[in-house]
Amino acid sequence: APIGAEPVTIFAASSLKTALDNVIETRALDAVPVYGGSAAIARQIAQGAKADIVILAHPDWMEWLSTQEVLQNLSRCNLLSNALVLAASANAPDLDVQSANDLITALNGERLSVGQLRAVPAGQYTRTYLSEQGWLDALRPHLAETSNVRLALALIARGEVPLGFVYASDVAAEPRVRAVFTPDAMAYPAIRYPMAITTNAREGSVDIAKALIAAQQVFAEQGFANVPTQETGRCE
Amino acid sequence: MILSAAEWAIVTLSLRIALVATLLSLPFAIWIAWLLARRDFFGKSTLNIIVHLPLVLPPVVTGYALLLLFGKQGPFGEVFETLFGITFAFRWTGAALAAAIMGFPLIVRAIRLGFEGVDHGLEEAGATLGASKRAVFRRVTLPLITPALLTGAVLGFAKAMGEFGATITFVASIPGQSETLPSAIYTLLQVPGGEADALRLIAISVAVSVLALAISEVLARRALQRVSGQ
Amino acid sequence: MILSAAEWAIVTLSLRIALVATLLSLPFAIWIAWLLARRDFFGKSTLNIIVHLPLVLPPVVTGYALLLLFGKQGPFGEVFETLFGITFAFRWTGAALAAAIMGFPLIVRAIRLGFEGVDHGLEEAGATLGASKRAVFRRVTLPLITPALLTGAVLGFAKAMGEFGATITFVASIPGQSETLPSAIYTLLQVPGGEADALRLIAISVAVSVLALAISEVLARRALQRVSGQ
Amino acid sequence: MSLDVDIQATLGRFKLDAQLQAGQGATVIYGRSGSGKTSLINAIAGLSRPQSGRITLDEQVLFDAALGINVPVHLRRIGYVFQDARLFPHLNVADNLDFGTRYADASLGKNHRKTVIEMLGIGALMQRRPGALSGGEKQRVALGRALLTAPRLLLLDEPLAALDTQRKEEILPYFERLRAQGGPPMIYVTHDMSEIVRLADHLCVLRDGKSVAQGTAEDVLADPANMKLIGVQDAGALITGVVDHHASDGLSGIRLSAGMLFVPRMAVTVGTSVRIRIRAQDVILSLSEPKDMSSQNVLPAKITAIREGASSGFAIALSCGTDRLLARITARALAQMELKVGQNIWAVLKANAMPPNAIAPS
Amino acid sequence: MSLDVDIQATLGRFKLDAQLQAGQGATVIYGRSGSGKTSLINAIAGLSRPQSGRITLDEQVLFDAALGINVPVHLRRIGYVFQDARLFPHLNVADNLDFGTRYADASLGKNHRKTVIEMLGIGALMQRRPGALSGGEKQRVALGRALLTAPRLLLLDEPLAALDTQRKEEILPYFERLRAQGGPPMIYVTHDMSEIVRLADHLCVLRDGKSVAQGTAEDVLADPANMKLIGVQDAGALITGVVDHHASDGLSGIRLSAGMLFVPRMAVTVGTSVRIRIRAQDVILSLSEPKDMSSQNVLPAKITAIREGASSGFAIALSCGTDRLLARITARALAQMELKVGQNIWAVLKANAMPPNAIAPS
Ligand SMILES: Nc1ncnc2c1ncn2[C@@H]1O[C@H](COP(=O)(O)OP(=O)(O)OP(=O)(O)O)[C@@H](O)[C@H]1O
Ligand SMILES: Nc1ncnc2c1ncn2[C@@H]1O[C@H](COP(=O)(O)OP(=O)(O)OP(=O)(O)O)[C@@H](O)[C@H]1O
Ligand code: MOO
Ligand SMILES: [Mg+2]
Ligand SMILES: [Mg+2]
């Protein structure tokens, strides 16, 4: 970036914090990250927040943003990918889940933590998964919906609930839990972290975006996955 | 505006939680406010700080602390479970607890202001008439601070109706147990296009508080007149 | 505990925001509390409701409303920008605005309780000495309600230090502009392993409020003595 | 009842060191503003704690600094009527009255309540709020409220001080009735002499925190040495007599040991023994029996003591039959009349100098 | 100064319908508790608004219901000393005193302040808080505070009512000095006669909200018809004289139009003209000149009117030189002495019946 110019501002979903901070630090990027919930970030950008790059945890809000005419055409791509896992405490055995009843039995009267099914991205993926499986109605009375996925994880880690659906990246970061079951990736929409550059983006934003794309390795260390190379919309 | 069954359930649950939170925290608030206004003791400033903490800390932290203390695995959680059979985790009771804790500093402060304004001479008069300290408190001091009690209750109730961060962190959002108006509103605001439905709930929320405020104002006017001897 | 430069920046920013929010909202709070305590006018109950709204509604809603009203494109946002050159959007000024609005009901209520306790006879005495209504207010009424003012200020300051939901929704959490202690804490709690860092910030938060409370208690003791003529 | 007080207390720069013995009837504590009257009765009530000393009521030790005894206020069963009434603003008159009854001996029952309410004439006020009462009504309710707890002892702190003469006259009879009808013993704080004659059996004078004179009201008031303590304009003796007749011309005759005393007509039945306050200021001395004068009363008396007072006055103590009188005369009159102890003399008194409020059943 | 009040107001069940004219000097409003004294001066101050009528001060209309004029309190420049002092608890004495100075005529300056503080003897209190003042000190500060605003008119609502005799004596001289030294005209509310003699140029008697007697203090007090309004024990005339000498035996001689009057020694320089209150109660009438008596004063007088009073008394109006006197005697004495209008008679007066607080420079 040119000397004296303001750093590039990246509005990013909170769950990316560790990874993104890491990338900015290790790659010495001249960028300032601003973390928040996807909904809040999207609205703020629509209201004129000075964001250059935006990374969300769910495509819906990116979709909405693109209707607000604040994103540069053709700048949208999927930066990262993630996966849903069923997490339990670190010493729990693997679980073979074939039906809602398997889960209910495993819960043993306790609750299953998930992100809010309609509000939190992880919850939205979980919701689709459970309803595709036809388990949702049976499980509904057993759910504990949290305002973000980290809290769902914390509940498992603390032993407040025996099981919960969280991201693979979360499990990787929390030694007190392990994945006891991994749902079939085809049974729910692919988890993608879409990135875009805003219309008013500063000079150099593109370079930063490219640097992020190039930092897949660092993201991977934090438990995120690459977007499959064959997928359209993948950031190159 | 006709409420759907689901909305109705959320409203009644919110009301129940707010009422229980306010009413149950009042006695404790009165006690703490009394200690802070009238007593000098070791640890008074610590108590003062603890009371104010929920105001100072982000609600998530308070909620997280509640989870650690009153969750299933938490020390107090177990005590309450075994001694009184009260479970907080993922229950409306927990939501009430969170709301109560969050509103506590507001209630305590208002009541404390009340205590500081009471004419000590009237309390002495009560004692000479044979009333013990406790009876004087109940029959003289307390009635004289009703305006402050009402203010405290209104603040506590309103906060309880609006509390969200600590509640959802502590007891998650479970329909019929802990899905309150604020968490329902929050949910709706998280998805694109949810604004219209959210607005309905916001309107309900406002309507409830309008009612509560109206009642409290009438009571406050009467109380003010009463304690001024008119 | 030595603060990192980044932490130090967050602390000073939070302090600035809380102080500005408290001090700037005090005059308005005094005015509104006075209207509510002393005046009867058309629209009084509406005003009362509006004042209480930030307490009743989930903070996100308040934040969202602020974004719509005081954002770059918002009607008030533009007015302030063109008339006073003040921008709220994504600035610390916006964070202060959000904190002020969220703490407003608490401050107003406490001060109102103060107004209701003032001896009207002293105000009459002021008038007979030649002081206009305004002068009586400034030189008699206001000094007499200092305990209530202090309580209001403490509540407002504490709330401002802890406010999160409305702030982050309105002005995001931009380092150096709107990343306050609560929003930094919140963000840290969102990431795996952030608890330890969060705890540091929580400790700082508590330390700041301990200091603020200690100062306020000393002032309150003096004020109470003063207004009782000792 | 017997109350025994010997306490020392320091309040700011003020030192209280008072001894007080009080028995049945009314004990008046008299002293100027700031002399420590309120501090003394506050200690008796238990509202403040002396640094040292002892307070006993009947056989019970209420306070003993040495033994570390300090019975809490509400267990002392001592009623207190405050100068400023202190009615509970949140209660109406009836509820104020009943505030303490539940702590009192239940055996008193409804009748006692009715009697007190009737005696105080507050039956019509029961539903009123304290804010809607006049000053006099407030004091009556405060008195009733204290009485209904059936206290062992009643403390009254200048209950009439803030009221004007007429208002006082409306309330004093209630205290008199209380004393006459065997109500609880009273400790009555006042700086008004006209209240003393009506009520005091026992009188204790406080000055700068010290009890400087004490005894029966008659003794304390008749002692010329106390004239300065009481104040020259207020000093005066108490004499006793029996109502003899009510004449149709508006005078009443009272039989004293030394003769008949005529006073403005009073509403006390013939045969009642009464006590009359005669201010030293109102007594004129004459060497010969005066004639042709509008003064209705000329009593033979004998000088028992002559004492120089403050400023220009002399206090003359007289015996008048078995009663004592006090007269205050100028130095010039003393010189001109060459008055001596033991001399016989006439005391001249206007009937109007003894208005009804200077006379009380004894 | 001239104040002209004619107002009607309804307060709850109470009706005020008062007329008052007041000029230079002190106008005393006298009436029993509840007669409407406070209501009347509150209307003058502008603290309450009458339903109808008119108030003018000098040429300015302060209130006129018909014209819709109602000058706000703070613009009336009328000082008010409240019965309960109402010092600002958050200010020390100095700041209380200075509260109103900024609104007053700046030309008064520092000197005026010094004079007032000296006159009231409050120089030593300046740093104290109101809570640390005695009742008397509080009233003095309240008076000073009002004076420092240089009011056109000063209203005083029973400023001494809550104080005991001695405390009153400490403060009354300040009011006297104020009147003597050309301070602002005062409207002084009281129910205490001893304050009237010391202060009143003009007297207005209120009863049940109506002004029932009004005029110079001398006229109102000397009129036997007003005896009942004032109260038989308090009634009495004012006579004037000049201090003639102070004798070494503790008496002072005052030259009246009818002779020399001896009173207890007073602290007023020879040659001062004074006004003396002589209570009707203290005047003894004698057909012959009495001898051998301790009463120092025997004045020749002539009966000008006889009026039957309440209860058993008669009011006898006397002329005594150019002064008027009022005596109160029993019906029996009237009959025995066969008193008639026009008769010459002796008025007998103890020197002690005229203590210093009954005498004031006029
Ligand atoms: N708590 C206290 N601290 C300091 N001084 C005190 C305190 N209480 C009383 N005093 C002082 O003690 C003295 C006696 O006060 P007290 O009220 O007993 O007098 P009093 O005889 O009842 O007077 P009054 O007739 O005015 O009621 C006063 O000078 C008063 O200022
Ligand atoms: N605001 C009011 N509402 C109803 N009644 C009132 C009001 N103000 C005064 N009164 C009544 O008017 C009457 C006169 O009151 P006011 O205070 O003028 O009497 P006062 O002569 O000053 O008596 P005091 O000597 O006791 O001060 C009283 O009976 C009182 O109860
Ligand atoms: O501030 Mo909150 O964000 O009360 O839940
Ligand atoms: Mg006292
Ligand atoms: Mg009055």
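The chains referred to below are lettered A, B, ... by the order of the sequence lines, with proteins before strands, and numbering in each begins at 1.
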Side chain, backbone, both or neither: which part of [X] has a heavy atom under 4.5 Å from chain C?
{"X": "E/R77", "result": "neither"}
{"X": "E/L133", "result": "neither"}
{"X": "E/F99", "result": "both"}

(request) Measure the spacing between CZ of C/F28 and CZ of C/F104 and express it to the nearest 0.5 Å. (result)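 Atom-to-atom, C/F28:CZ and C/F104:CZ are 8.0 Å apart.
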Top contributor to chain E contacts, counting heavy-atom pairs under 4.5 Å, from [options]:
{"options": "C/L144, C/L122, C/V227, C/T146", "result": "C/L122"}
{"options": "C/G121, C/A223, C/A135", "result": "C/G121"}
{"options": "C/G126, C/A131, C/P143", "result": "C/A131"}

Would you tell me whether [X] and [Y] have side-chain atoms, one donor and one acceptor, within less than 3.5 Å of each other?
{"X": "C/T141", "Y": "C/E123", "value": "yes"}
{"X": "E/T190", "Y": "E/E158", "value": "no"}
{"X": "E/D4", "Y": "E/T56", "value": "no"}

Listed partners of [X] passing side chain to side chain donor-acceptor pair (under 3.5 Å), at least two apart:
{"X": "E/E176", "result": "E/R198"}
{"X": "E/D98", "result": "E/R113"}
{"X": "C/R109", "result": "B/T151, B/E217, C/H52"}

(message) Donor-acceptor check, side chain of E/S2 to backbone of E/G23, threshold 3.5 angstrom: yes or no?
(response)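 Not confirmed, E/S2 side chain does not pair with E/G23 backbone.
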(request) Kindly give the heavy-atom pair with the smallest separation between C/W34 and C/R39, and that separation in Å. (result)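 It is CH2-NE, 3.5 Å.
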(request) Using a heavy-atom cutoff of under 4.5 Å, enumerate the residues of residues 122-130 of chain E that contact chain C, numbered in order, or state 'none'. (result)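 Within residues 122-130 of chain E, the residues that come under 4.5 Å of chain C (heavy atoms only) are E/R129, E/P130.
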